[in-house]
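The block underneath contains the structure these notes are about, expressed in structure tokens.
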Amino acid sequence: MEGENDTNDIVILTVPEELTSIADDEKYGNFEIDVPEITQEVYDNSSINAYIRRTYDDERPERWSQLPQTFLSLDHSSASYLSFGVGFIRISLQSEGSIQELFDMMKGNDLKLVIN
């Protein structure tokens, strides 16, 4: 296996301002982003890790947080996770209540994909 894919490809995306779909009860939703870098070859032979940029208005340092993410400090326990296909990614959001609070935290933020 050594030598086949010795480098990681990094793709920086922006979380859209609107969800692609949301359930009537708002406990599930997702957004999709086109990613032409995910070719059939990548789909068949690579893995993808996703990170969301976390920024704060206080003294905490900016950082990247890897998906899946569980958020227990929100009004309702929520989680986000990545799936991908040829040419796109989907970030799914689930919550015991509404996913809207979680999506509001994510939208407009940078999303880093590491393809390896």
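Distance check: I52 CD1 to Q66 CD gives 12.5 Å after rounding to the nearest 0.5 Å. For the atom pair CG (L102) and OG (S77), the distance works out to 11.0 Å, reported to the nearest 0.5 Å. In this structure, the separation between CZ on F31 and CD1 on I22 is 12.5 Å, given to the nearest 0.5 Å. Atoms OG and CD1, from S78 and I99 in turn, are 8.5 Å apart once rounded to the nearest 0.5 Å. Between the CD atom of Q100 and the CG atom of L19 there is a distance of 6.0 Å, given to the nearest 0.5 Å. To the nearest 0.5 angstrom, N30 atom CG is 7.5 Å from S83 atom OG.
Other members of the cluster containing Y81 are Y28, with ILVMFWY side chains joined at under 4.5 Å, either directly or via other members.
Under a hydrophobic-cluster definition in which Ile, Leu, Val, Met, Phe, Trp and Tyr are linked whenever side-chain heavy atoms come within less than 4.5 Å, directly or via other members, I91 and V42 are assigned to the same cluster. In terms of hydrophobic clustering, with Ile, Leu, Val, Met, Phe, Trp and Tyr side chains grouped at heavy-atom distances under 4.5 Å, I48 and V35 are assigned to a common cluster. A continuous path of ILVMFWY side-chain contacts below 4.5 Å connects W64 to I10, so both sit in one hydrophobic cluster. Hydrophobic clustering keeps M106 apart from V114 (ILVMFWY residues linked when any side-chain heavy atoms are closer than 4.5 Å, directly or through intermediates). Cluster annotation: I115 and F84 are assigned to the same hydrophobic cluster (Ile/Leu/Val/Met/Phe/Trp/Tyr, side-chain heavy-atom contacts under 4.5 Å, transitive).
For the salt bridge (charged side-chain N to carboxylate O under 4.0 Å, His left out) condition, the pairs that include at least one residue of residues 25-54, sequence neighbours left out, are E32-R90, R53-E62, R53-D110.
Just one residue in the list L111, I89, N49 forms a side chain to side chain contact (heavy atoms under 4.5 Å, CB included) with L67, and that residue is L111.
Partners of S80 according to the side chain to side chain donor-acceptor pair (under 3.5 Å) rule, which considers only residues two or more places apart in sequence or in another chain, do not exist here.
For A50 against L82, the heavy-atom pair with the smallest separation is CB-CD2, 3.9 Å. Residues P16 and I33 approach most closely at CD-CD1, 3.9 Å, considering heavy atoms. E17 approaches F103 most closely through the heavy-atom pair O-CE2, 3.6 Å.
Within the 4.5 Å cutoff, side-chain heavy atoms of Y43 are placed close to those of V86. Looking at F71 and E101, their side chains never come closer than 4.5 Å, going by heavy atoms from C-beta outward.
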